[in-house]
Every structure is written in C-alpha cells, then in structure tokens.
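A short worksheet on the structure shown next.
Order of the sequence lines sets the chain letters (A, B, ...), proteins ahead of strands, with each chain counted from 1. Both backbone and side-chain heavy atoms feed into the values below; hydrogens, waters and symmetry mates do not.
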Protein chains: 2
Amino acid sequence: MKEIFGGATASALAAKVRTLAPSMTRSMHRVAEAVASDPAGCAALTVTALAERTGTSEATVVRTARLLGYPGYRDLRLALAGLAAQQQSGRAPAITTDIAVDDPLADVVAKLAHDEQQTLADTAAALDTAQLGAAVDAVAGARRTDVYGVGASGLVAQDLVQKLLRIGLMAHAHSDPHLAVTNAVQLRAGDVAIAITHSGSTGDVIEPLRVAFERGTTTVAITGRPGGAVTQYADHVLTTSTARESELRPAAMSSRTSQLLVVDCLFMGVAQRTYETAAPSLAASYEALAHRHR
Amino acid sequence: MKEIFGGATASALAAKVRTLAPSMTRSMHRVAEAVASDPAGCAALTVTALAERTGTSEATVVRTARLLGYPGYRDLRLALAGLAAQQQSGRAPAITTDIAVDDPLADVVAKLAHDEQQTLADTAAALDTAQLGAAVDAVAGARRTDVYGVGASGLVAQDLVQKLLRIGLMAHAHSDPHLAVTNAVQLRAGDVAIAITHSGSTGDVIEPLRVAFERGTTTVAITGRPGGAVTQYADHVLTTSTARESELRPAAMSSRTSQLLVVDCLFMGVAQRTYETAAPSLAASYEALAHRHR
DNA sequence: GCACTCTTGAAAGATATTTTCGGCTCGGTG
DNA sequence: CACCGAGCCGAAAATATCTTTCAAGAGTGC
C-alpha cells in the first residue's frame with residue numbers, strides 16, 4: 001500500500017522541511033516554507049496557484065514535492081489535505097456551557113445536539129429493563145392500550161400510539177382529560193393504560209390512570225419523578241431523566257427526548273414480541289402510504 | 001474559506017450517502033457506496049480508476065461527487081484523503097449492529113440510544129446554519145407561522161407550534177390536508193409556512209406549501225431529501241439526516257429524532273432573537289400551568 | 001406497444017500536472 | 001575584466017487528469 005497518509009503530522013512535516021532545507025535551492029525553500037506553515041491552505045491550491053503564491057514556477061513546486069518524498073505535487077497535496085483534517089480534528093469542540101442569548105447559531109446547534117445526546121445516554125443508563133420488560137409484555141398481550149399525555153407529553157403519547165397502530169395493535173392516545181377519563185372507564189383487566197408525565201404530578205393524566213388502575217387494568221407510568229403522585233396508580237414505572245434546564249431551554253425539551261427514547265424502547269420490545277404479526281403489518285402500512293408520495 | 005474539511009467524519013459521510021441515496025441512480029449509488037466504505041482506498045484513485053473499480057464511467061463519478069456536495073471529483077478526493085487521515089488517527093469505535101428479533105431488552109435500549117445519538121450528531125453536522133439563520137429570521141419576524149406535517153411529521157409540527165406559542169408567537173399546526181390548504185390561502189407576505197416531510201414528496205404537505213409560496217409567503221421545508229419535490233416551493237431548506245433503517249426499525253423513527261433536533265434549533269434561534277418578549281412569555285406559561293400539578 | 005423521460009458512458013473539451021529545454025545567474029579562472 | 005561552466009529557474013510543450021457534452025439505451029407510464 002502507498003505510504004501517503006503515513007504517521008505524518010504537521011510538526012513532522014516541519015521537521016522534514018528543516019532537515020531537507022540545506023539541500024534545497026532558494027525557490028524550493030520558499031515553497032517548502034509555505035507548505036509547512038499552512039498545510040491546510042496549500043491543500044486548496046493547484047500547482048499553478050501555489051507557484052504564484054510563492055513567486056515561483058510550477059516546475060519548482062513539483063521539484064519540491066519530489067524532494068519531500070512524494071511522487072509529484074498531486075500526492076503532496078493529498079497528504080496535506082490529510083494533515084489539515086488531522087489538525088482540525090485535534091481541536092476538541094468542548095461544549096460545556098449553557099446556551100446564551102448571544103450564541104451564534106452554529107453553537108446553538110452544537111449545544112442542543114450535545115445536550116440531547118447526553119439526555120439519551122442518561123436515559124438509557126437509568127432505564128430499568130425489568131420494568132420495561134414487564135410493560136412490554138403487558139402491551140404485547142393487551143386487548144387495547146390507552147395512552148394519556150397532555151402538552152408536550154401528549155405528542156409523545158401520540159407517537160407511541162401511531163407506532164403501535166402500525167404493527168396492528170389497538171391503541172388510543174388521549175389529550176383531553178375528560179375524554180380520557182370517560183374512556184378509562186371502558187378499560188378492564190387485560191388492557192393497558194399508560195400515563196406520560198414529566199412532573200409525575202399532572203392531575204389531568206393521573207386521574208384517568210387512577211380510574212383504569214382501580215378497574216384492574218395494567219397501568220404504566222412514564223415519568224421523570226419516580227416518586228411522583230402518578231406512580232401510586234402504576235403497576236410499572238419507567239423513569240425518564242432530565243438535563244439541567246436553563247432560562248431559554250425549558251425542561252420540556254430534554255424530557256421529550258427522554259420520553260421518546262423510552263417510548264421507542266417500549267415499542268421495539270413489543271415489536272419483537274409480536275414479530276409474526278408486526279412485520280407484515282409494518283410492510284402493509286408502507287404499501288398503503290406509497291401512493292401519497294409522488 | 002473553502003469548506004472542504006468541514007466537521008466531516010467517516011460516519012458523517014456515510015450518513016450523507018444514506019440521506020442522498022434515494023435521489024441517486026443505480027450507478028451513482030455504486031460509486032457512493034465504494035467511497036463510503038473505503039474512503040482511504042478511494043482517495044488514492046483517479047477518476048478513471050474509480051470509475052473502473054465501480055464499473056461505471058468518469059462522468060458518473062463526477063456526478064456523484066457533485067451530488068455529495070463537492071464542486072468536482074478533485075475536491076471529493078481531497079476530502080477523502082482528510083477523512084482517511086482522521087480515521088487512521090482516531091480509530092472509530094463503530095458499534096453498528098442492527099437490532100435483531102431475539103436481542104435482549106437491554107441491548108435494544110443500548111442500540112436505540114446509540115442510533116439516536118448518532119442521528120443527532122449527523123444531523124447537527126449536516127445542518128446548514130445559513131439556511132437555519134434565514135428561517136429563524138423569517139419566523140422571528142413573522143406575523144404568523146403555519147406548520148404542515150402529516151403522520152409522524154405531524155407530531156413534530158405540533159411540537160414546534162407548542163413551543164412557539166409558549167414564547168408568544170402566533171403559530172398553527174395543520175395535519176388535515178384540506179384545512180391546511182384552506183388556511184394557506186389566508187397567508188401573505190410576512191407570514192411563514194413550514195412543511196415537514198421526511199420523504200420530501202408528501203403531496204399532502206407540499207400542496208399547502210405551494211399555495212403559501214405562490215401567495216408570497218416565506219416558505220421553509222424541513223426534509224430528509226434536499227432534492228425532493230417539496231424544495232421547489234421552499235425559500236429555505238433544512239435537511240434532516242437519516243440512519244440506516246432495518247426491518248424492525250422504520251426510518252420514521254430516526255427521521256423523527258432528526259426533525260425534532262432541527263425544530264429545536266429553529267426554536268432556540270427564534271427564542272434568542274425575540275428574547276425580550278420570549279423570556280417573560282415562557283415564565284408566564286409556567287406560572288399558568290403550575291396549578292395543574294398537585 | 002409507443003412515446004417519453006431518465007440514466008449512462010464514449011468521446012470531446014478544459015484544466016491541472018509533469019517534463020523539457022533553453023536562458024540565466026553566479027562563482028571561478030585566465 | 002572578460003570568459004567559461006555548473007547548476008538553478010521558469011516558459012512552454014507534453015501528458016495526465018478532470019469535466020462536459022451528447023447521443024444511445026434502459027426503464028416507465030399511458
């Protein structure tokens with residue numbers, strides 16, 4: 001294999017230039033100097049451009065490349081590109097701070113992504129697989145599954161329901177507290193009721209869960225507060241984790257990420273358990289949707 | 001400065017290939033595949049050699065390079081050299097296995113979390129901050145903002161709207177295609193319409209965006225296919241990236257994660273720009289919700 | 001089955017790189 | 001001081017590489 005990308009670092013290149021300097025002519029030295037001092041910049045240049053920048057000719061540039069050990073300028077240029085990339089990746093991004101009002105957009109993107117990644121890691125680490133397994137079994141074997149959630153959690157509830165429907169299970173999401181309770185009354189043993197609330201104390205979702213619980217339905221709570229009021233009516237509790245929140249960044253943002261991961265895990269577990277029916281159902285729903293795209 | 005060596009990592013390249021795969025032709029796909037699977041090897045090849053290795057023509061190689069966002073093959077090659085160097089110095093960890101039907105639940109959790117983290121990283125790396133900035137400015141200054149999305153994207157649309165409402169902006173989410181169009185007719189210059197569609201070709205959301213676009217509204221598309229039909233009516237395009245999907249894991253899952261990050265970034269940007277009014281509005285909405293928790 | 005669009009590679013055209021070659025400088029010498 | 005020769009240097013020719021064009025072929029919808 002060609003030795004283009006060898007262990008060369010920027011400083012190694014500089015050293016090479018120094019070593020070879022004595023055997024270099026004046027113009028070659030100018031070229032070598034330019035290359036050593038700004039590898040990234042030079043990588044973007046053609047022979048002609050580099051020749052012009054160093055006030056020399058193409059021939060000299062090529063000669064220099066040869067002297068440095070490359071077959072020609074083309075290869076030197078590739079090596080320089082590699083060097084530049086290494087150099088850049090060396091600089092750690094270091095995202096530690098909060099999002100400030102005057103952060104440039106690029107930082108906002110980086111910070112948000114980083115925070116959400118952190119939230120995912122935390123959630124995965126804290127998730128109790130035994131509880132998850134129990135919830136999975138319950139949903140996989142349920143006649144129907146009702147999911148309660150209001151506000152941002154309502155969207156998570158809908159997300160779960162959409163997915164369950166896709167694999168052929170009966171599922172409903174309720175954001176309206178009154179309708180939720182009215183529907184909860186219909187539930188019985190063998191059904192599953194899931195409440196999603198970050199605070200663990202949202203009355204609007206606790207109430208329907210209580211009703212379901214008292215009627216013998218298997219109940220699951222997905223909450224960020226494992227000791228919250230909602231857990232007293234829950235057979236299984238799945239805990240979401242929360243990132244510290246700042247003024248601009250409401251807790252709802254990271255709790256949503258966390259809730260979605262939990263819900264995804266729940267769904268994947270159910271999909272595994274019901275694979276025989278889930279796979280064809282998924283395929284069928286794709287099929288049905290295909291003609292909606294042009 | 002030329003953006004050749006941007007935060008691209010080997011996996012980011014792979015993500016890009018996946019994102020663009022749908023808009024690729026068969027031969028272009030072969031080239032992209034070769035490049036993604038062996039950046040170092042391909043960096044050593046000339047157009048002709050790569051064309052031969054992939055059993056295609058030079059023209060196709062160049063076309064592929066263009067599609068991947070480089071001005072030509074020469075630049076793609078430089079980028080590949082950079083990638084190769086990074087890879088060699090960094091030795092990627094690479095935990096890339098699929099979720100299998102018989103995976104224990106703990107593995108499912110780990111894999112899902114890992115995949116979503118990856119998706120976030122890819123999305124952040126690929127997000128065009130200039131486009132984002134333009135979208136932010138538009139929304140921050142809009143009289144009202146309408147967001148279109150159906151299916152899973154509909155939930156993302158609602159998420160965005162919920163957040164915008166919290167900082168005191170006028171925003172509406174539309175999942176019903178008919179109502180969406182009916183409402184789009186009401187829009188005018190100074191308003192903003194946002195379409196969210198992973199495939200980029202969902203007629204139900206393209207139609208209202210078209211109507212809005214033709215009425216002079218500022219339009220934004222959030223899509224996984226930067227070349228999709230939806231972009232022709234979009235003033236600004238925000239690209240989401242896609243993880244490879246497996247049988248059990250529908251694309252909708254990772255596209256949702258990606259879409260949410262984009263939407264969060266958009267929101268944070270708007271919150272920054274409108275800080276004076278956003279902060280008190282946020283506080284007020286907390287206050288109002290407090291009594292719902294016991 | 002036909003017309004149409006989209007895909008594709010061959011070859012022409014444009015650019016970049018390498019080689020050639022003669023002028024030039026500079027140090028030494030008569 | 002004039003002349004000579006060795007080696008450096010760059011202009012331009014030669015070659016390699018990359019890009020564009022174009023027409024034939026594959027695939028697709030009607």
Self-check item: Shortest non-hydrogen separation from A/L105 to B/T129 and the atoms involved
Solution: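 Minimum heavy-atom separation between A/L105 and B/T129: CD2-O, 4.0 Å.
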Self-check item: Member of B/D122, B/T257, B/T123 meeting the side chain to side chain donor-acceptor pair (under 3.5 Å) criterion with B/S241
Solution: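 That would be B/T123; it is the only one of B/D122, B/T257, B/T123 passing the side chain to side chain donor-acceptor pair (under 3.5 Å) with B/S241.
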Would you kindly give the [atom1]-to-[atom2] distance between [X] and [N], to the nearest whole Å?
X: A/L78; N: D/dC18; atom1: CG; atom2: C1'; answer: 14 Å
X: B/L67; N: C/dT8; atom1: CG; atom2: P; answer: 12 Å
X: B/L50; N: D/dT17; atom1: CG; atom2: C1'; answer: 13 Å
X: B/M24; N: C/dT8; atom1: CE; atom2: C1'; answer: 16 Å

Give a yes/no answer on whether the side chain of [X] brings an N or O atom under 4.0 Å of OP1 or OP2 in [N].
X: B/S27; N: C/dT8; result: yes
X: B/T25; N: C/dT7; result: no
X: A/S57; N: D/dA11; result: no

Approximate separation, where rounding is to 0.5 Å, of [X] [atom1] and [Y] [atom2]:
X: B/Y233; Y: B/T217; atom1: OH; atom2: OG1; value: 14.5 Å
X: A/F267; Y: A/Q162; atom1: CZ; atom2: CD; value: 11.0 Å
X: A/E33; Y: A/T64; atom1: CD; atom2: OG1; value: 11.5 Å

Exercise. Using a 4.0 Å cut-off on protein heavy atoms (strictly under), produce a 5'-to-3' string for nucleotides 13-23 of chain C with B for base contact, S for backbone-only sugar-phosphate contact, and - for none.
Key: ---SBBB----
Quiz item: What string of B, S and - do you get for nucleotides 25-30 of chain D, 5' to 3', when a contact is any protein heavy atom under 4.0 Å?
Solution: ------
Practice problem: Go through the structure and list residues passing side-chain hydrogen bond (donor to acceptor under 3.5 Å, both in side chains) with B/N183, not counting sequence neighbours. | Solution: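 Testing B/N183 for side-chain hydrogen bond (donor to acceptor under 3.5 Å, both in side chains), a comparison that skips the adjacent residues, returns none.
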Practice problem: Could you check if a side-chain atom of A/T60 sits within less than 4.5 angstrom of a side-chain atom of A/T25, using non-hydrogen atoms only? | Solution: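 They are not in side-chain contact.
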Practice problem: Not counting sequence neighbours, which residues clear side chain to side chain contact (heavy atoms under 4.5 Å, CB included) with B/A113? List them please. | Solution: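 If we apply the side chain to side chain contact (heavy atoms under 4.5 Å, CB included) test to B/A113, skipping adjacent residues, the hits are A/A124, A/L261.
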Quiz item: Hey, is the main chain of B/S254 close enough, under 3.5 Å, to the side chain of B/S258 for a donor-acceptor pair?
Solution: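 No.
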Practice problem: Would you work out how much the helix from C/dG1-D/dC30 to C/dG30-D/dC1 bends between its ends, with each end axis defined by five base pairs, to 10 degrees? | Solution: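 Roughly 10°, once rounded to the nearest ten degrees.
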Exercise. Taking salt bridge (Lys or Arg N to Asp or Glu O under 4.0 Å) as the test, write out the residues that go with B/E207, two or more places apart.
Key: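 Applying salt bridge (Lys or Arg N to Asp or Glu O under 4.0 Å) to B/E207 gives B/R210.
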Exercise. Please determine, by modelled atom types, if B/T197 and B/T202 share a side-chain donor-acceptor pair under 3.5 angstrom.
Key: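 Yes, B/T202 and B/T197 have a side-chain donor paired with an acceptor closer than 3.5 Å.
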